[in-house]
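Everything below concerns the one structure shown next.
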Amino acid sequence: MAYKDIYEGWKKDPEGFWMDAAQAIDWDQAPSKALFDKGDNLFEWFADAKVNTCWNAVDRHVEAGRGEQTAIIYDSPITHTKREISFVELRNRVATLAGALRAKGVEKGDRVIIYMPMIPEALEAMLACARLGAVHSVVFGGFAANELAVRIDDAKPKAIIAASCGLEPGRVVHYKPLLDGAIDLATHKPDFCVIFQREQEVAELVPGRDVNWHGFQYGVEPAECVPVEGNHPAYILYTSGTTGQPKGVIRHTAGQLVALNWTMKNLYNVEPGDVFWAASDVGWVVGHSYICYGPLIHGNTTIVFEGKPVGTPDAGTFWRVISEHKVKSFFTAPTAFRAVKREDPKGEFVRKYDLSCLKQVYLAGERADPDTIVWAQDQLGVPVVDHWWQTETGWAIAANPLGIEELPTKLGSPTVPMPGYDVTILDDAGHPVEPGTLGAIAIKLPLPPGTLPTLWNAEDRFKKSYLTTFPGYYETGDAGMMDEDGYVYIMARTDDVINVAGHRLSTGAMEEVLAGHPDVAECAVIGVTDQLKGQMPVGFLCLNAGADKAHDDVVKEVVKLVREKIGPVAAFKLAVVVDRLPKTRSGKILRGTMVNIADGTPYKMPATIDDPAILDEIKEALQTIGYAKA
Ligand code: COA
Ligand code: AMP
């Protein structure tokens with residue numbers, strides 16, 4: 001069947017479509033129907049089913065005779081380690097870990113925070129939670145203690161599972177002091193912490209609170225899979241909103257199982273047994289959906305890669321891993337390819353490896369610039385698919401569904417909406433616009449299975465953030481257009497979210513940190529275009545009258561402050577001191593215009609600007625840090 005027929009088929013009978021897809025899942029109790037309308041534009045999928053994620057991702061493959069197949073390949077160029085874990089080993093490891101968690105009181109519905117680097121134990125911790133019906137919340141290792149504390153206070157975990165350290169090139173990330181600092185900062189205290197001691201750094205345990213990963217599993221009874229309701233939260237994943245308080249995106253169990261499983265063949269074009277690699281991090285949604293759950297649910301081998309696209313040890317790492325482990329579908333962020341391309345523009349490393357196993361490549365997380373796509377296509381000789389999605393959706397909204405058919409690529413477009421997503425471009429008043437016209441990208445409700453049903457303990461915020469601006473639609477926060485052929489184009493965010501090296505960050509959160517500096521009276525953070533990382537944050541600081549510290553020192557201090565409060569992942573390194581910020585007469589900071597000035601892109605003088613002369617001052621300030629080139 002062609003994509004068009006499948007999409008139309010879904011549109012005619014959405015519930016039938018998803019009930020068919022649901023047949024691929026092992027239910028303890030099959031759903032009586034697909035969609036549950038809770039009223040007030042809230043929906044749930046397969047709510048009355050009973051099912052267990054870990055069973056579907058692990059045990060059922062063992063039962064089906066695939067126990068000896070490799071489930072996880074760990075490849076760490078940073079530690080020079082390679083290891084394989086079969087499905088039967090994974091089942092045994094996860095069952096024991098779950099048993100130990102249960103013995104310490106973790107039950108269905110309890111939250112567990114996971115703060116771990118890219119090691120297989122991170123996936124095992126996620127799966128052990130899933131086995132018990134506990135709700136995990138993985139926190140990315142590049143966040144600082146304060147961000148971890150905010151998540152502890154919001155999720156109120158019974159336990160935290162952490163590693164002693166993470167490893168960045170040339171630097172050990174001391175997880176344990178960060179964890180201890182976060183627990184000190186947080187109001188909520190976990191009952192206990194499980195620490196996985198890595199040999200690169202052994203952490204000191206807090207007596208009475210911390211237990212050793214291996215030690216606490218001694219002698220415990222392995223846990224069986226606990227069936228949970230279809231609408232039981234599988235996890236909470238915090239993502240950046242417009243303020244410092246992150247949004248706790250919830251994923252329901254059944255919808256995730258059905259949707260992710262459907263994507264593995266139809267979108268990523270892999271069969272059970274094939275090797276699938278997403279070079280991301282378990283701390284991001286890509287890691288949840290396509291390092292851990294998607295491939296394992298579908299019976300694929302997944303790769304846990306602890307390294308970087310370049311420098312570990314060189315720009316050929318991706319190709320080595322693909323060739324060595326026979327990767328069929330590879331998923332990464334455009335920024336990673338830009339980093340590789342910068343070091344190896346002619347693809348000399350590419351040709352060192354036999355890449356005949358590789359059939360397709362997928363890019364997401366930020367806009368894929370045409371140069372990068374063309375470079376990858378030329379070097380690899382396989383389809384390079386740009387696909388668009390968000391933490392909120394958990395899987396692609398728009399893509400080229402290679403497992404159905406390969407649609408013609410249009411550079412700059414992540415192709416067409418996937419079944420489940422009725423994508424519409426709306427004007428400010430909420431009316432659909434003509435093809436080729438820019439507008440806010442919205443999705444007609446209900447969203448498909450596997451997408452967020454609400455935010456953790458924040459239903460009002462959920463409605464306000466996503467459902468209020470355009471009644472009857474989910475507001476994506478992205479602006480763009482659709483062409484005559486139904487191809488989607490993503491142009492920009494409509495909010496204060498920026499995308500740095502494929503990482504989603506809130507300029508609002510950074511502004512909150514800058515405003516906390518005693519000399520800063522007012523500030524703004526914008527995302528300027530960066531050749532490598534897509535965007536980079538730049539801060540503008542107006543100082544208090546009488547602040548007599550050298551401007552350079554204030555800049556250094558705020559850079560340090562953001563690193564301490566948000567973390568290195570914010571990549572906040574640039575700030576300038578200015579006398580005033582450009583504003584509208586009503587006092588709104590003209591961030592968009594500042595971005596135009598920094599990027600040297602044409603802009604119209606905003607009609608409501610208070611004092612146009614300020615824009616020249618902004619330009620001069622940006623020039624001092626290498627932006628706004630004349
Ligand atoms: N734990 C601790 N610190 C981390 C971290 C982690 N898991 N991940 C990144 N950091 C740190 C980095 O060490 C860096 O610190 P520094 O300021 O001391 O150099 C900082 O956070 C910024 O990280 P990032 O923006 O990712 O830059 P990078 O130098 O680590 O790598 C590239 C950048 C160019 C290699 C980039 O192309 C890349 O691969 N980024 C990751 C893309 C990705 O997987 N995105 C996920 C969405 S699919
Ligand atoms: P995250 O929630 O971290 O996955 O970030 C989601 C945001 O990243 C989206 O709302 C987009 O702004 C951006 N994004 C993700 N994928 C793409 C893509 N393929 N093209 C353009 N922007 C993208």
Side-chain angles (χ1 to χ4, degrees), residues 115-118 139-144 163 165-175 178 237-241 247 249 278-291 305-312 315 317-318 331-343 362-369 373 385-399 412-415 441 452 475-480 488-495 497-505 530-537 559 562-563 566-573:
Y115 188 52
M116 297 183 100
M118 284 298 290
V139 179
F140 179 62
F143 283 122
C165 69
L167 301 165
E168 285 291 287
R171 170 164 74 94
V172 173
V173 186
H174 311 289
Y175 274 33
L178 287 169
L237 178 58
Y238 289 91
T239 190
S240 301
K247 293 169 167 169
V249 168
S280 178
D281 189 288
V282 282
W284 307 118
V285 68
V286 177
H288 282 63
S289 294
Y290 294 112
I291 296 174
F305 171 72
E306 191 181 34
K308 300 274 173 180
V310 292
T312 59
T317 303
F318 278 176
F331 180 159
T332 188
T335 186
F337 270 4
R338 286 196 296 269
V340 173
K341 176 174 147 221
R342 192 165 73 169
E343 293 212 355
Y362 296 82
L363 297 175
E366 57 172 328
R367 199 179 109 79
D369 52 296
I373 295 195
V385 172
D386 174 20
H387 63 327
W388 168 56
W389 50 299
Q390 315 182 306
T391 304
E392 288 84 345
T393 64
W395 61 283
I397 308 166
S413 165
T415 324
I441 313 182
L452 85 169
E475 182 184 5
T476 64
D478 283 311
V488 183
Y489 292 78
I490 316 300
M491 312 304 278
R493 289 286 306 189
T494 57
D495 56 14
V497 165
I498 60 170
N499 206 310
V500 181
H503 306 139
R504 172 166 160 181
L505 299 165
D530 182 78
Q531 286 287 323
L532 178 65
K533 297 196 178 189
Q535 284 182 302
M536 280 287 267
V559 165
V562 174
R563 199 174 169 94
I566 298 180
V569 68
F572 184 85
K573 308 220 157 136

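One-based numbering, in listed order, for ligands and for the atoms of each.
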Min side-chain heavy-atom separation [X]-[Y] under 4.5 Å:
| X | Y | answer |
| --- | --- | --- |
| D386 | I373 | yes |
| W389 | V286 | yes |
| P169 | T312 | yes |
| R493 | R504 | yes |
| D478 | Q390 | yes |
| T239 | V497 | no |
| F337 | P309 | no |

Judged on heavy-atom distance to atom 37 (O) of ligand 1, which of L178, T335, L363 sits nearest?
T335
Among all protein heavy atoms, pick out the one at the shortest distance from [atom]; state its residue, atom name and that distance to 0.1 Å.
| atom | value |
| --- | --- |
| atom 5 (O) of ligand 2 | R504 CD, 3.5 Å |
| atom 9 (C) of ligand 2 | D478 OD2, 3.2 Å |
| atom 40 (N) of ligand 1 | A501 O, 3.8 Å |
| atom 18 (O) of ligand 1 | R563 NH2, 2.9 Å |
| atom 30 (O) of ligand 1 | K308 NZ, 2.6 Å |
| atom 19 (O) of ligand 1 | K573 NZ, 4.0 Å |
| atom 27 (O) of ligand 1 | K533 NZ, 3.1 Å |
| atom 20 (C) of ligand 1 | P568 O, 3.2 Å |
| atom 46 (C) of ligand 1 | S280 OG, 3.5 Å |
| atom 6 (C) of ligand 2 | W389 O, 3.5 Å |
| atom 18 (C) of ligand 2 | E366 O, 3.3 Å |
| atom 9 (C) of ligand 1 | E168 OE1, 3.4 Å |
| atom 8 (O) of ligand 2 | N499 ND2, 3.2 Å |

For a quick test of reading the model, state the closest non-hydrogen atom pair linking [X] to [Y] and the distance between them.
| X | Y | result |
| --- | --- | --- |
| P537 | A570 | CG-O, 3.4 Å |
| P117 | A163 | CD-CB, 3.4 Å |
| I441 | G480 | CG1-N, 3.5 Å |
| C165 | V172 | CB-CG1, 3.8 Å |
| L363 | A333 | CD2-C, 4.1 Å |
| S240 | L505 | OG-CA, 3.5 Å |

For ligand 1, which atoms, with element, lie under 4.0 Å from some heavy atom of [X]?
| X | answer |
| --- | --- |
| A279 | 44 (O) |
| G141 | 1 (N), 2 (C), 6 (C) |
| V569 | 21 (O) |
| R171 | 3 (N), 11 (C), 12 (C), 13 (O), 15 (O), 18 (O) |
| V173 | 2 (C) |
| H503 | 24 (P), 26 (O), 41 (C), 45 (N) |
| W284 | 46 (C) |
| P309 | 35 (C), 39 (O) |

N or O contact, Y175 vs ligand 1, cut-off under 3.5 Å:
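For ligand 1, there is no N or O atom that lies under 3.5 Å from one belonging to Y175.
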Return yes when [X] approaches ligand 1 closer than 4.0 angstrom through a heavy atom, no otherwise.
| X | value |
| --- | --- |
| L532 | yes |
| V286 | yes |
| F331 | no |
| G365 | no |

Counting N and O atoms only, with roles assigned by atom type, does the side chain of [X] sit under 3.5 Å from a partner on the main chain of [Y], one being a donor and the other an acceptor?
| X | Y | answer |
| --- | --- | --- |
| S289 | G394 | yes |
| T335 | G502 | no |
| H503 | N499 | no |
| R338 | Q531 | yes |

Between ligand 2 and [X], is the shortest N or O to N or O distance under 3.5 Å?
| X | value |
| --- | --- |
| G365 | yes |
| T391 | yes |
| H387 | yes |
| D386 | yes |

Distance below 4.0 Å between atom 22 (C) of ligand 1 and any protein heavy atom?
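Under 4.0 Å from atom 22 (C) of ligand 1, at least one protein heavy atom found.
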Using a 4.0 Å heavy-atom cut-off, which part of W284 comes near ligand 2: side chain, backbone, both, or neither?
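For W284, no heavy atom sits under 4.0 Å from ligand 2.
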State which residue, out of Y290, F331, W395, fulfils the ring pair (Phe, Tyr, Trp, His ring centres under 6.0 Å) condition with H387.
F331
Report the relative orientation of the aromatic rings in F140 and F143; use parallel for angles under 30°, tilted for 30 to 60°, perpendicular for over 60°.
perpendicular
Check each atom of ligand 2 against the heavy atoms of Q390 and keep those under 4.0 Å away; list them by number with element.
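Within the 4.0 Å cut-off of Q390, ligand 2 contributes 2 (O), 4 (O), 6 (C), 10 (O).
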